[in-house]
Amino acid sequence: MRLNLSSLATLPAHVQRPAYNPASLEVGIVHLGIGAFHRAHQAVYTDDAIAAAGGDWGICGVSLKTPTVRDQLVPQNGLYSVRTVARGPDAWRVVGSVHEVLFSPDQLADVVARIARAETKIVTITVTEKGYCANVAKREPLWDHADIANDLLHANAPVSVLGVLALGLFERFRKRGEPLTVMCCDNLPENGAVLESLLHHFVQRQYPQIMPWLRDNVRFPSSMVDRIVPATKPEDRTDATTALGVADEGVVRAEPFSQWVIEDNFAGARPAWEKVGAQLVADVRPYEKMKLRLLNGSHSLMAYLGFLAGFETIAETVTNASFARLVDALMVEAASTLEPFPASANVDVAAYRAQLIERFANPNTGHRCAQIATDGSQKIPQRWLAVASDRLARGLDVSALALATAGWIRYVYGKDEVDIPININDPLASEFAAIATKHPYDALSFADAVLRIEPIFGALGRNPAFAAPVKRWVSALFREGALAAVDSFSADTAFSR
């Protein structure tokens, strides 16, 4: 038997279940990009908010690229379990806030209708950095990207998140034009303003007639989301059957920690997220910068250098003393560039750093280096390069950032330390491969060519204060390997902390 509304009452007592009737929910939120992270984060907050304060805040989850989640959850009436893994016993809960799951390429009309309905008050999005098909620094779509080009030519058959959202907004305008909140929940700096700019650029080309309505009726609050959600493993499904007594094809694994900081800038009603732990604030930027630069920056460092050093998971990587010191050194460099928090926020950055090390070391998350190592060309500009630019402008060193960047460059060379090919999952993978073919085993030439990729590095890659130490570390990584390079960094008393 599968987990579904009929089997909900049969679950064992130790499994937390919705404190309301999921069958009675109506849809109030459309979520674009219903992957594991959304199901372990925003959907959980919404589940708790419905239990705490009621409201028709059922989620219509939309997959844009594959039908996997739809096929997993539709037979389960949208129900799925979250397995919270800590150093002690696991905790299991069933989430009931996902009312409907659609696959956009097959059910586009239904997706558009959901966005257009007056009862839909909020659209949330998690499609990762690359999913916006955009130059984030310029806040403009990549007009020559295949998905964007398709959507401009085929307005009624969009495949990008911007195209689908724009079509839904156009239909909403045509019907009633009710106000709407559209909230980005991806790791982009000032993500609300970025999404607003991207969508405005796109709509100006595709549906210019709705721009006045769009400016007046659609709000784009920024948000910062944080929870480590590793990829679901086959054993998670096996263990779910044991824990629940029924099969769950949609189970997700997550750490205990969770944080959601939301700019209080809504066009209309919203769930009572603040009653269940979310923070509603006037300005998200200090929080998002701390998370992007400390947590995400450290994650990326461990993903690339940890993978090269032969570690499978983040926990294995950070348990190594040299890597732990390097991670802390990176966080110290990043912390110097953070914006001040309001006094009322009561944020202790040193305590946050220590908490991150503890979270990273949780052996039961099973967060794989290879999972985090995807799409680096889209991630490192926000996570490392912006930090390096800020520090260099103030005359500060960038030692840990240089080694992190060198680790990524060594990784995208495409072969590991025993010459086994690495599967580079990145929009620029073919460009990296072409550079590697042109400069085989020539560390300095390869590094120099990668540093000159303008969309990633801009002027920073030509700045000797940054490029020189990066190239030195790339050379050391090719010559000595990642573990020796990290040990060397850690042994230098100037950086040991």
Engineer: Is the shortest side-chain heavy-atom distance between D448 and K471 below 4.5 Å?
Structural biologist: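 Yes, their side chains come closer than 4.5 Å.
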Engineer: Given side chains that start at C-beta, do those of E171 and I115 come closer than 4.5 Å, heavy atoms only?
Structural biologist: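 No, their side chains stay 4.5 Å or more apart.
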Engineer: If I take atom CD1 from residue I409 and atom CZ from residue F478, how far apart are they, to the nearest 0.5 angstrom?
Structural biologist: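 Between I409 CD1 and F478 CZ, I get 9.5 Å after rounding to 0.5 Å.
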Engineer: State whether F257 and R359 meet the cation-pi test: NZ (Lys) or CZ (Arg) under 6.0 Å from the six-membered ring centroid, and within 45° of the perpendicular axis.
Structural biologist: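 Geometry flag: set, cation within 6.0 Å and 45°.
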Engineer: Nearest 0.5 Å, please: how far is CE in M183 from CD1 in I262?
Structural biologist: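 These two atoms lie 5.0 Å from each other.
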Engineer: Indicate yes or no for a side-chain donor-acceptor contact from S488 to the backbone of A484 under 3.5 Å, with no hydrogens or angles considered.
Structural biologist: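 Absent.
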Engineer: Are Y287 and F341 close enough that their ring centres sit under 6.0 Å apart?
Structural biologist: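 Between Y287 and F341, the centre distance is under 6.0 Å.
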Engineer: side-chain contact (heavy atoms from CB on, under 4.5 Å), that's the test. Do T126 and H31 meet it? Break it down for me.
Structural biologist: CA-CA 8 Å; T126 52; H31 182 81; 2.7 Å; yes
Engineer: Evaluate the salt bridge (charged side-chain N to carboxylate O under 4.0 Å, His left out) criterion for residues E190 and R139: first the C-alpha distance (whole Å), next the side-chain angles of each, then the deciding distance (0.1 Å), finally the verdict.
Structural biologist: CA-CA 10 Å; E190 301 181 46; R139 300 187 178 184; 3.2 Å; yes
Engineer: Could you go through R237 and D248, starting from their C-alpha distance and side-chain angles, then the distance that decides it, and tell me whether this counts as salt bridge (charged side-chain N to carboxylate O under 4.0 Å, His left out)?
Structural biologist: CA-CA 6 Å; R237 296 187 179 91; D248 177 12; over 6 Å; no
Engineer: Let's go through V412 and D426 carefully: what are the C-alpha distance in whole Å and the side-chain angles of both, what is the deciding distance for side-chain contact (heavy atoms from CB on, under 4.5 Å) to 0.1 Å, and is it a yes or a no?
Structural biologist: CA-CA 9 Å; V412 300; D426 191 287; 5.7 Å; no
Engineer: Measure the OG-CD1 distance between S63 and I34 for me, rounded to the nearest 0.5 Å.
Structural biologist: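 Answer rounded to 0.5 Å: 6.5 Å.
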Engineer: Mind checking side chain to side chain contact (heavy atoms under 4.5 Å, CB included) for K289 and listing every partner two or more places apart, or none if nothing turns up?
Structural biologist: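 For K289 the side chain to side chain contact (heavy atoms under 4.5 Å, CB included) partners, ignoring immediate neighbours, are R293, L338, E339.
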Engineer: Check whether any side-chain heavy atom of T405 lies under 4.5 Å from a side-chain heavy atom of F457, and answer yes or no.
Structural biologist: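 Of all side-chain heavy-atom pairs linking F457 with T405, at least one is under 4.5 Å.
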Engineer: Within this structure, what is the CD1-OG distance for the pair I148 and S160, rounded to the nearest 0.5 Å?
Structural biologist: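 So the CD1 of I148 and the OG of S160 are separated by 4.0 Å.
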Engineer: Treating N217 as the side-chain partner and W213 as the backbone partner, does any N or O pair qualify as donor plus acceptor under 3.5 Å?
Structural biologist: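 At least one qualifying donor-acceptor pair exists.
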Engineer: Apply salt bridge (charged side-chain N to carboxylate O under 4.0 Å, His left out) to the pair D390 and R394, showing each step before the final yes or no.
Structural biologist: CA-CA 7 Å; D390 287 353; R394 294 162 53 189; over 6 Å; no
Engineer: Hey, mind stepping through D226 and M224 against side-chain contact (heavy atoms from CB on, under 4.5 Å) and telling me if it holds?
Structural biologist: CA-CA 7 Å; D226 187 6; M224 186 279 279; 4.1 Å; yes
Engineer: A side-chain contact here means heavy atoms from C-beta on lying under 4.5 Å apart; do F202 and W143 qualify?
Structural biologist: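 They are in side-chain contact.
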Engineer: Going by the side-chain hydrogen bond (donor to acceptor under 3.5 Å, both in side chains) test, which pairs reach into residues 127-137, not counting sequence neighbours?
Structural biologist: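 Applying side-chain hydrogen bond (donor to acceptor under 3.5 Å, both in side chains) to every pair that reaches into residues 127-137, excluding sequence neighbours, yields E129-R383, K130-D375, Y132-D186.
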Engineer: Quick check: does any side chain N or O of R39 sit under 3.5 Å from a backbone N or O of V95, one acting as donor and the other as acceptor?
Structural biologist: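 It does not hold such a pair.
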Engineer: Would you say that I29 contacts T120 through its side chain, given a criterion of any heavy-atom pair below 4.5 Å between the two side chains?
Structural biologist: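 In short, these two side chains do not touch, never coming nearer than 4.5 Å.
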Engineer: Hey, would you say the H367 and F360 ring centroids sit under 6.0 Å apart?
Structural biologist: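 That pair fails the under 6.0 Å test.
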Engineer: Using the ring of each side chain (for Trp, its six-membered ring), is H41 parallel, tilted or perpendicular to Y45, with breaks at 30° and 60°?
Structural biologist: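 The rings of H41 and Y45 sit tilted, inter-plane angle from 30° to 60°.
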Engineer: Does some side-chain heavy atom of S223 sit less than 4.5 Å from a side-chain heavy atom of W260?
Structural biologist: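 Yes - at least one pair of side-chain heavy atoms lies under 4.5 Å apart.
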Engineer: Does K379 reach the main-chain N or O of T374 with its side chain, forming a donor-acceptor pair under 3.5 Å?
Structural biologist: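 A pair under 3.5 Å: yes.
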Engineer: Hey, does the side chain of S490 reach the backbone of V486 with a donor-acceptor pair shorter than 3.5 angstrom?
Structural biologist: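 Judged by distance alone, no pair lies under 3.5 Å.
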Engineer: Consider ring-ring contact (aromatic ring centres under 6.0 Å, His included). Of F432, W473, W384, which one does W408 pass it with?
Structural biologist: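 The residue from F432, W473, W384 that satisfies ring-ring contact (aromatic ring centres under 6.0 Å, His included) with W408 turns out to be F432.
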Engineer: Could you check L180 against L169 for side-chain contact (heavy atoms from CB on, under 4.5 Å), going step by step and ending with a plain yes or no?
Structural biologist: CA-CA 9 Å; L180 183 70; L169 291 173; 3.5 Å; yes
Engineer: What verdict does the side-chain hydrogen bond (donor to acceptor under 3.5 Å, both in side chains) test give for R253 and T365, after you've listed the backbone C-alpha separation in whole Å, the side-chain angles of each residue and the deciding distance to 0.1 Å?
Structural biologist: CA-CA 7 Å; R253 168 189 288 251; T365 58; over 6 Å; no
Engineer: Kindly compute the distance separating CZ (R285) from OG (S222), expressed to the nearest 0.5 Å.
Structural biologist: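 OG of S222 is found 8.5 Å from CZ of R285.
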Engineer: As a quick check of understanding, evaluate ring pair (Phe, Tyr, Trp, His ring centres under 6.0 Å) for Y413 and F446, giving each step before the final call.
Structural biologist: CA-CA 8 Å; Y413 180 76; F446 179 75; 5.1 Å; yes
Engineer: Is R219 salt-bridged to E263, going by a charged N under 4.0 Å from an acidic O?
Structural biologist: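 No salt bridge links R219 with E263.
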Engineer: Could you pull out all donor-acceptor pairs under 3.5 Å where a side-chain atom in residues 304-315 meets a protein atom, sequence neighbours excluded?
Structural biologist:
from, atom 1, to, atom 2, distance (Å)
Y304, OH, A373, O, 3.1
T313, OG1, E316, N, 3.1

Engineer: For the pair R114 and E100, evaluate salt bridge (charged side-chain N to carboxylate O under 4.0 Å, His left out) and give the outcome as yes or no after the intermediate values.
Structural biologist: CA-CA 10 Å; R114 277 296 186 197; E100 177 180 54; 2.7 Å; yes
Engineer: Which distance, rounded to the nearest 0.5 Å, do you find between the CG of L396 and the CD of E333?
Structural biologist: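 Those atoms lie 9.0 Å apart.
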Engineer: I want to check something: taking the side chain as every heavy atom from C-beta on, are L428 and I456 in contact at a cut-off of under 4.5 Å?
Structural biologist: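 Sidechains of I456 and L428: in contact.
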